[in-house]
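Here is the structure we will look at, set down as structure tokens.
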Amino acid sequence: MIQGCENPQIDPLLRRAPRVSYRIGDTASVLEEAGTLAVFGFGAGSPAADDPRYLRVALEGFDAPVPLEVWQVDAPVHCGVDGALHWSTGGGWLFAAIDLDEREHGGPSATARLAYEQLHRFVTARDMQHVLRIWNYLGAINHGEGDAERYKHFCSGRAIGMGDFFVEGFPAATAIGHHGDEHRLQVYLLACDQPGERVENPRQVSAWRYPRQYGRTPPSFARAMVLPARDALAISGTAAVVGHASAHQDDLDAQLGETLTNLEALLSNAGMAAGFNTHSPLKAYVRHATDAARVREFVQSRLPGVPVLLLHGDICRSELLVEIDGWRYV
Ligand code: 3EB
């Protein structure tokens, strides 16, 4: 089939979005498939693999078995290791990941700074300088009070490490607390040789404009990113934040409802049709393991047929119980 003939609106010169899916399967055979850019296992029980395209994420899944997440492009892929950084590239796309131990780098802020400096250095040395989407997983994210909270140290280090690289606007992002080794910071990204388009949520204050009460350094991320061919939307971690405030304290169902409203607002502001479907993989990060069953019920009834991976993760504001991120394809 000639590429693009399913959707004549897509300019053939623009990079088609990587396909993201959740699959039950064996890591080695998924890595052998043509065009596999990255594969993610979740939790301590996930397989180990030496391939630079494979990342074992420090978040536990609530499903049994926990699927792999797979990113695939329509081009040959090559990959390598550069110090603490693992990378792969193909068809104008770049995956890069870094996994650091804070004890070796002077705490959460210095480690976030180093992670971002390394990633920044790496992408600027390549042709794929448009960082469209970033994921950040850190341990004990809510430990510490007020400005001493670890998430806030992370935000400060991230901003310093970003330097002026994102002056034109931040990538879409997720920052979640994992329950693995608390000193471990994992950051990975998707970049392209073509730019995307940032999308904000009219129901929410942009994160980089959050008032002082949320920390000295506001979080550096866009709410979503339209990919270069406008064939997909990469959606940042989205929670029950309205304006800049957290809504529905202690009410999981209401937080889930508000999160869905925010997700729909992003689709609408991106000019996309409403709703999610069997090809829009999402992740739901659930703070309390005891809430996982209720979150599963909610997504099954309100997002029927949508692949939603349930992961045990702490949201960066301690009053938030759940956060959802993911992809919507056109
Ligand atoms: C929020 O709306 C929830 O620091 O990169 C969501 C997505 C959140 C990304 C980040 C934080 C980040 O403010 C928190």
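Just so you know, ligand 1 is whichever comes first in the structure, and atom 1 is the first atom listed for that ligand. In what follows, every heavy atom counts, from backbone to side chain, and hydrogens, waters and symmetry copies are set aside.
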Contact check: Tyr210 vs ligand 1, nitrogen or oxygen atoms, below 3.5 angstrom: yes
Heavy atom of Ala239, distance to ligand 1 below 4.0 Å: no
Examine ligand 1 and decide if any of its atoms is less than 4.0 Å from a heavy atom belonging to Phe154. no
Options Gly237, Ala173, Gly215, ranked by nearest heavy atom to atom 9 (C) of ligand 1, top entry: Ala173
Check whether the side chains of Ser236 and Asp325 place a donor and an acceptor atom closer than 3.5 Å, and report yes or no. no
Heavy-atom proximity to atom 4 (O) of ligand 1 ranks first, among Phe221, Tyr151, Trp208, for Tyr151
Where ligand 1 meets Cys316 - atom numbers and elements under 4.0 angstrom, heavy-atom basis: 8 (C), 11 (C), 14 (C)
Indicate yes or no: does Arg15 engage Asp193 in a salt bridge with an N to O separation below 4.0 Å. yes
Note: Arg287-Glu319 ion pair, threshold 4.0 Å (strictly below): no
If you measure only the distance, is there a donor-acceptor pair under 3.5 Å linking the side chains of Ser29 and Asp26? yes
Close approach of Tyr214 to ligand 1, heavy atoms, under 4.0 angstrom: no
Students should be able to answer this: which protein heavy-atom is nearest to atom 3 (C) of ligand 1, and at what distance? Glu323 OE1, 3.9 Å
Which atoms of ligand 1 are found less than 4.0 Å from any heavy atom of Pro219? 4 (O)
Using a plain distance cutoff, I'd like to know if Arg158 has any nitrogen or oxygen under 3.5 Å from a nitrogen or oxygen of ligand 1. yes
For Tyr188, what residues pass the ring-ring contact (aromatic ring centres under 6.0 Å, His included) criterion, not counting sequence neighbours? Phe40, Trp135
N/O separation below 3.5 Å, Arg223 to ligand 1: yes
Does Trp87 have its ring centroid less than 6.0 Å away from the ring centroid of Phe95? no
Salt bridge check: are Glu69 and Lys283 linked by an N-O gap of less than 4.0 Å? yes
Strictly by modelled atom types, are Arg203 and Asn269 linked by a side-chain donor-acceptor pair under 3.5 Å? no
